[in-house]
Q: 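What follows is a single structure, and I will ask about it in a moment.
For clarity, every value in this text was computed on a predicted model and none was experimentally measured.
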Amino acid sequence: MTEESTRDDLPELTPGRRKFLQWLTGGFLSLWGFGFLWVITSFLKPPHSKSSIAERVIKVGPLEDLPVGQARLVRRGREPIWVIRSDEENLVALAGVCTHMHCVLDWDAKQRSLDCPCHEGAFDLNGNVLKGPPPRPLKRYRVETRLGEIHLHVS
Amino acid sequence: MTKETMKEQESGLLDWFSSRLNLTEIFSLLTSYGIFHAELDNRKKIREAIAEAKAQPMPSYDQWPRVLGLLAVVLLLIEIVTGALLAFYYLPTPQTARASIATILRDVDFGWFVHQIHFWGAQLLLAVSIVRVIRFLIRGVYRKPRELMWIFGVLLLLVCFHSDLTGRALQMTGTSYWSSVRALELVGSIPIYGSLMLFLLGGGETVITELTLIRFYLLHVALLPFGAITLIYLHFSGVRRLGQTESGTQAPPTRGGPVIRSHLLNQAILFTVLFGILVSLAVLAPVPLGDAADPYATVPGVGPPWYLLAPFGFLELTAGFLPTWVGGTILFLAFTAFVLLPFLPGFRGESKGWLLKFLVVAALLTVWIFLTIYGARVV
């Protein structure tokens, strides 16, 4: 039994009509496809972590516990941040990871610089590169004193 | 002109693969899932095989009641896709399980939608599997040579029950926790088999620990779906060997177009209607997420899942005059007899009168429904 003989009872379709119907079927099928794709991709996108104020501001400790010229490493999740008391009035907060190869920086109190233990890179208190291979300056964070306590803004 | 070249390229690609892979075998495997009901010759090239499939006329009886198997396939596919999506966020430990589902429902885009479709798809799959077994019972799809069809059908129902049971437990809400505890107690009442299952599921305890949860998770996402896919494949493989006609071996009359096209069309209609029903249920009757489970605070009025209410009711009914292990043994034997129905003396022979068949089915259903209602009342 051939294909032709089984189709005998179907109405004749003109080529134009057939093409239009095929186009229509394809269109509807792609609508389904796009719909599913849209739902699945938006599902897979992780939800925004709308962090609260408590997560955006870190209390580092009383200002009087941090002498001038000293620094403190703040751990925010897996991200280290250096908070440095540059003089009596001012505080500086810098990312604690070298921009070269992601080594964690050390505070050098004598030179007043952040030194990289891996490839002898160094940064000054503005986060600019003093020497070594780092390609970019460090990211700066806003830090302030409220009622004698150091508040670090990490948003 | 462009269309001609495109077609040529397409056919070139098909031929390229066809001369390197046994595409016919793959096509045969995929169409096994309810699309094409006759055996395909794997030695032939793919074009020949498809042409052969297209030439097969549709038997006149090939109509809607037979759609239950296809429905099971489509629903299983929906469950696998939505389940895989949920697994991207679900964390299977007692401490994090419910919180991760709450994240899916509240924060993830379309998370509620995927979750509800997964839930309602599972309920529909259960319903389809039950109706399918009832249809097999009425139509006599257990008589020689279709004994295996019956066994595969009942085992698929069993796999669906287990999937639903483990899936409920994964939520770790108060209701699901205590419902699972009731179910485990029920399983534990069966001698030998019960203690073996409890041992395999979590060291012999009837509470949900870390160990139980991760084992339920493995069953739910890997072993049971694999079992369901295998059973459905085996069923349709049987259909290919034996044909669809249940009354005899004579060649059926044919009508209409080729069988494969009609099945693809049926599937498109089915999928559209099914998806409409699923979306309506998901939007209009969303199942809420309960509070977190507390192993030290029993939620009152929580029984086992609805399909276990009948055995639960039976145990409660006989608790006055039978020890639990006797009741458990009777349940186990009754279920084994149900699975092995084609090999029981009374069912092995030729077709009985419709009245007797009707009475047997009605009696079985009545007992089941009575025990379910009784079980629901004593919870």
Q: Which residues pass the side-chain contact (heavy atoms from CB on, under 4.5 Å) test with B:E25, not counting sequence neighbours?
A: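 In terms of side-chain contact (heavy atoms from CB on, under 4.5 Å), with neighbours along the sequence ignored, B:E25 is linked to B:N22, B:N42.
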Q: So what's closer than 4.5 Å to chain A heavy atoms on B:T82: side chain, backbone, both or neither?
A: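 Answer is neither: B:T82 stays 4.5 Å or more from chain A.
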Q: Which donor-acceptor pairs under 3.5 Å do the side chains of residues 273-281 of chain B make with protein atoms, sequence neighbours left out?
A:
unit_1 : atom_1 : unit_2 : atom_2 : d
B:S280 : OG     : B:G276 : O      : 2.7

Q: Between A:F28 and A:W32, does the ring centroid distance fall short of 6.0 Å?
A: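 Not close enough - the centres of the two rings lie 6.0 Å or further apart.
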Q: Is it the backbone or the side chain of B:F88 that comes under 4.5 Å from a heavy atom of chain A, or both, or neither?
A: side chain
Q: I want to know whether A:F43 and B:F113 have ring centres closer than 6.0 Å.
A: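 No, too far apart.
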Q: Chain A heavy atoms under 4.5 Å from B:V108: which part of the residue, side chain, backbone, both or neither?
A: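 Both backbone and side chain of B:V108 come within 4.5 Å of chain A.
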Q: Relative to chain A, which of B:T272, B:V81, B:I104 shows the most heavy atom pairs under 4.5 Å?
A: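 Ranked by heavy-atom pairs under 4.5 Å with chain A, first place is B:T272.
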Q: Any non-hydrogen side-chain atom of A:L63 less than 4.5 Å from a side-chain atom of A:L91?
A: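 A side-chain contact exists here, since the closest heavy-atom pair is under 4.5 Å.
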Q: By a 4.5 Å heavy-atom criterion (distance strictly below it), what part of A:L29 contacts chain B: side chain, backbone, both, or neither?
A: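 Interface part for A:L29: neither.
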